[in-house]
Amino acid sequence: MSNITFRLAWRNLWRRKRRTWLTVGAMVFSNIILVFLISMQLGMYAMMIENTLRAQTGHLQVQAPGYKDDLKMRQVVPDVIDLAAKLRSEIGSDEIAARASAFALVSSEERSYGLQISGVEPEFETRVSSLPGLVTEGRFLEDAMAEEIVIGSVLARNLRTGLGDELTIIGSGRDGSFAAAVVTVVGVFESGMPDMDRGFAEVPLGFFQDTFYMEGAGHSVVVMAPTLIQVGALGGRVESLLPAGEGLVVHNWDVLLPGLKQAIQADFVSAWFMYGILIILVAFSVLNTQLMSVLERTKEFGITMSLGVTPGRLGRLVLLESGLMGSLGLLLGIVFGGALVAWLGHTGFTYPGLEEMAGQFNLPGRIYPQFSAIGLLMGPMIVLLASVTASIYPAVRLHWLEPVAAMRAAE
Amino acid sequence: MNQFKMILRLAWRNLWRNHRRTLIMIAAIVIGAWSMIFMTALMRGMVDDMVADGISVLPGHVQIHHPDYRDDPTIANVIAPPSGELLEALGGAEVVAWATRVRVPAVISSERDTRGVTLVGIEPLRERDISFVAGDVVEGEFLTSPDDRGLVIGRKLVEKLETGLGKRVVVMSQDQENEIADRGFRIVGIFESKLAQYEEGFVFAGETVVQKLLGVGDQISEVAILGSDYRNVETLFRSIEAAAGDGVETLPWNEIDSYLGSMLAVMDGFVIVFIVVVFLALSFGLVNTLVMAVFERVREIGLMLALGMTPRSILGQIVTESVLLLIIGLVIGNVAAIATIEPLKDGIDVSIVGEGMEMMGASSVLYPALYLKDIVMANLIVIILGFFASLSPAWRASKYDPIRAITKV
Amino acid sequence: MKSVTCKQLCKTYHQGEVEVIGLDHVDLEINEGGFVCLSAPSGGGKTTLLNAIGGLDTPDSGKIWLAGERIDTLGKGELANMRLHRIGFVFQAYNLIPVLTARENIEFVMEVQGVPADEREKRSTAILREVGLEGLGDRRPAQMSGGQQQRVAVARAIVSKPALVLADEPTANLDSHTAEQLMELFVELNEHHGTTFVIATHDQRVMRYAKRVIHMLDGKVVDDERRDVA
Ligand SMILES: Nc1ncnc2c1ncn2[C@@H]1O[C@H](COP(=O)(O)OP(=O)(O)O)[C@@H](O)[C@H]1O
Ligand SMILES: [Mg+2]
């Protein structure tokens, strides 16, 4: 667009200052809300995913087919420790660890609870899971063969047990036979996730294999990717390294925890319903403003057309005006919305009741919005686009404008 | 009165002078009003469903426990069954149904597999009126009495354990002497639940059978009491709490399940925030329309003032115009919202994200819930805030200097 | 060559039930370099005729040639292009774009024509001088007198050196002195550049300058008067 057309469009906007500001105001208002909510969502999702994956499944798992649905003792990954070691060396990453898992009845002197026990490689579990870092009392597991256990804080309280106490584990082994062992509590973790703290315990993998007659097998190899985006590629690489003929499969986190991804999707869709309404309302505001502005300039447009300017060119002028308004709204929306996000990114955001709800999704009671280009730009860009789209009708109307009639129109 | 009629007539005619602008504005109000009511009904429906499910799954509206039970839900923390004053209170008009339960963590084993579960000993006849299990038994029979030796378990758990109706399973828990107590049960009923975690996590047996297994005599873990309305449990809670006395802990459901409780509370706030935000997005356009309408009419407003119309009538005229606009938009918006919600009454299938909904505690079918209270609130908020938003342009119009207004070119 | 040729132009307006005659079988020829006045009382059909010649409005019947080319058969886009390059318009009310300065109003047409910026600048400076508005280029219409605004409109009309300028009652809102100055500017441009002028008016002050006066009444040409300029 040429210089004068641009200036013309810009100055046209300020012929009706109040009207333009009100229209821009609608955009800025919606943009701030969009920037705030989208940044918030992104921050929340990232946290939900990271917290949950770090604490539970990891990014990828190698499993026997069917294990993720049935969790049967006999659906095993054979020679799981060797496989994990092989993957570590081939991929060149330490963030890979073998695990096994069983339900068992865990008893202290006073209490018994049925819960899930994981056998982990102490050395590598620290690299793939947040749990070892959450041990608040005692220490995490160290020796792969030691008869030791780390349990959740609520479980410790419920079992009336503490560091140095012995617990009895009773369950069934891989072949269905009776399995039992006695272990010493060496650590207590506090994850803040009620399910984990109440019903989860970890023992060394070697010890687990002996106790549950695993014959060297385990149930999964957990793999962490450097970032969430690299998960897909890494999955392919892991798959190519699996031993042939054993029918092992690689699952991504979204397959292991479909609920997480779908909760995000459900939240995303319902949020966009609200965003959509805001954006449509802004578009109507722009439509009204631009239609009025075109109607009141009928005479002026008639003259301009008598000079030989085509309706198409005038239409582009109208679109340009909307574009300028939208850009102004975008700019101010990003500045104010960004400032809000930056500030809340610092102090965190909360409201009464959030903490109780957030716990359900492994979130803390304070949410820190994510300061990102996507969060800042996505909403305002769509508003800009919607604004320009909304003025297509007023712009196209110009094609029906007859210069002679237009010039006769009252100003 | 005449004055008012005239103002109304002027406002109405002025509204249609620029019918394009008016129609666009009405369309915006319609979309705003529709979204307010539609969205509110969806959210309400979801939360209602979650709470109703949550309550039917176990808590009831009010529960009585041993003070330590919630922290340590084992057989060590049991209470005596209701008697005396409490039993009298349970017979009161406020109480729709009540039942006692023995509820402890346990391990269940089939020939093929072992799982951790919660074992619930129930009074089948009383339990029928409170929780979901009885109605959701899809195969076999529900328990018939506290002495029933059968076990009712969820469909998912049956699959995991690779067992079936009529087969035997072993349930292991801990008795009051901290000894492992186990007992074989025959599966007599299989239930299905909207929430998979309940299908996998709970098994039901006769209360007396469980009491005998665990050696607790006639003691129980909890009394669950159902009132008539979960939104209004305060009076029920107070009377039960008073009757139950100090030795036990009496709690309303929203404190027992703080996730659901806070969800319900937050939702009330969120509905208002949503309505106000949509209104604000709308208000810019509304004020803009009025500003334009006033600006176009500088001359005639001046003329009316010159002819002796009071500034107040001018103000009234503009505000009336705005309120008329809002009313038209709201009426159509309300009708549209009801018309879209009505055919969805049978539920909206969101099973694509079913497991995600479950994570939130909701089921994969959404039932929109239209409350008169919400409709009234949305409409009132829009009319009242709309009234205030239109005061500024109206006030400006009433302040015109008639001579300057007329001579303005 | 003829600058303008009209044959049997007819135009009827329908105002509700009523039919109003705009043009009634008008025949007309105007030579290149002509300086012609269309004289008629109000409602006589002057504007209708100018609009038809300028391709703003299409007649119901009849034919129009500009510089030998039929224009009544052209499409809208071609007409717009023709106006842009070959015709300049001056209207009664000054009809400037209120948010642009005098210079920008003049440059606007050139910009649409695609004239490069430096060339625009040169030509607008020259034309501002020619119409006697040197130094006023940065004023907006609201900051100028009626006469000054009309000069800007003239400058805008002639800046792309059109062969034909159509002016519709250009002096109607001007005082006598200013009106005479404007007419002298027209005459000068007519003599200097050979631009053809067709000026609709019922203003005697204007007709004094005309080489030829065509009298109209109720859409008909009633008299064609050639005179020596006073
Ligand atoms: N768009 C129109 N609609 C209806 N009548 C018109 C229109 N344009 C011109 N007229 C009528 O046509 C006749 C000629 O008008 P016009 O050419 O404007 O005359 P002049 O310019 O000489 O005053 C007048 O009676 C006028 O009212
Ligand atoms: Mg005329």
Side-chain angles (χ1 to χ4, degrees), chain A residues 1-20 289-290 292-321 324-325 396-411, chain C residues 11 13 15 22 47-48 50-52 54-58 75-101 103-117 120-121 124 140-142 153 156-157 159-160 162 166 168:
Chain A
M1 281 280 180
S2 52
N3 217 350
I4 292 188
T5 317
F6 197 82
R7 251 180 287 169
L8 182 58
W10 179 253
R11 287 185 198 157
N12 276 334
L13 288 186
W14 304 110
R15 285 163 90 165
R16 293 290 193 90
K17 277 204 193 67
R18 183 178 304 260
R19 180 170 68 196
T20 301
T289 299
Q290 287 304 70
M292 287 310 112
S293 125
V294 166
L295 287 180
E296 72 192 17
R297 278 184 286 172
T298 301
K299 185 163 187 177
E300 188 178 320
F301 282 152
I303 295 155
T304 321
M305 278 164 79
S306 73
L307 296 176
V309 178
T310 57
R313 193 175 254 273
L314 286 179
R316 283 200 295 282
L317 178 71
V318 172
L319 292 181
L320 181 63
E321 287 171 18
L324 284 175
M325 259 196 293
V396 166
R397 266 179 60 90
L398 292 172
H399 284 271
W400 285 279
L401 203 63
E402 289 291 339
V404 179
M407 282 191 292
R408 281 173 66 96
E411 204 142 1
Chain C
K11 177 87 186 177
Y13 291 107
Q15 229 164 10
T47 301
T48 309
L50 281 190
N51 286 347
L56 277 177
D57 205 357
T58 41
K76 275 192 175 184
E78 292 162 309
L79 283 174
N81 197 38
M82 180 199 80
R83 287 200 299 275
L84 190 58
H85 293 279
R86 289 166 44 190
I87 301 177
F89 270 102
V90 181
F91 300 98
Q92 168 180 344
Y94 326 118
N95 290 329
L96 300 175
I97 299 173
V99 292
L100 296 184
T101 62
R103 181 188 291 279
E104 286 166 346
N105 261 288
I106 296 166
E107 287 192 19
F108 181 68
V109 179
M110 288 190 279
E111 197 178 307
V112 176
Q113 289 172 341
V115 178
R120 285 203 309 258
E121 157 105 49
S124 62
R140 297 231 189 152
R156 183 179 65 185
V159 71
S160 48
L166 304 172
D168 194 356

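Lettering of chains follows the sequences in order, A, B, ..., and the numbering in each one begins at 1. Small disclaimer: the values here were computed from a predicted structure and weren't measured.
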**Complete:** The single option from C:V109, C:N105, C:L84 that satisfies side-chain contact (heavy atoms from CB on, under 4.5 Å) with A:L307 is C:V109
**Prompt:** Taking NZ, NE, NH1 and NH2 as the nitrogens, is one of them in C:E111 or A:R7 under 4.0 Å from a carboxylate oxygen of the other?
**Reply:** no
**Asked** Which pair of non-hydrogen atoms, one from A:I4 and one from C:E107, has the smallest distance, and what is that distance?
**Response** CD1-CB, 3.5 Å
**Prompt:** Which atom names give the shortest non-hydrogen contact between A:I303 and C:R156, and what distance separates them?
**Reply:** CG2-NH2, 4.0 Å
**Asked** Could you give the distance from CD (A:E402) to CG (C:D57), rounded to the nearest 0.5 Å?
**Response** 7.5 Å
**Prompt:** Between A:S306 and C:F91, what is the shortest heavy-atom contact and its length?
**Reply:** OG-CZ, 3.2 Å
**Request:** With the side chain counted from C-beta on, respond yes when C:F108 and A:T304 share a heavy-atom pair under 4.5 Å apart, and no when they do not.
**Result:** yes
**Fill in**
The interface call for C:N51 against chain A, heavy-atom contacts under 4.5 Å, is side chain
**Asked** Quick one: what part of C:R140 sits under 4.5 Å from any heavy atom of chain A, side chain, backbone, both or neither?
**Response** side chain
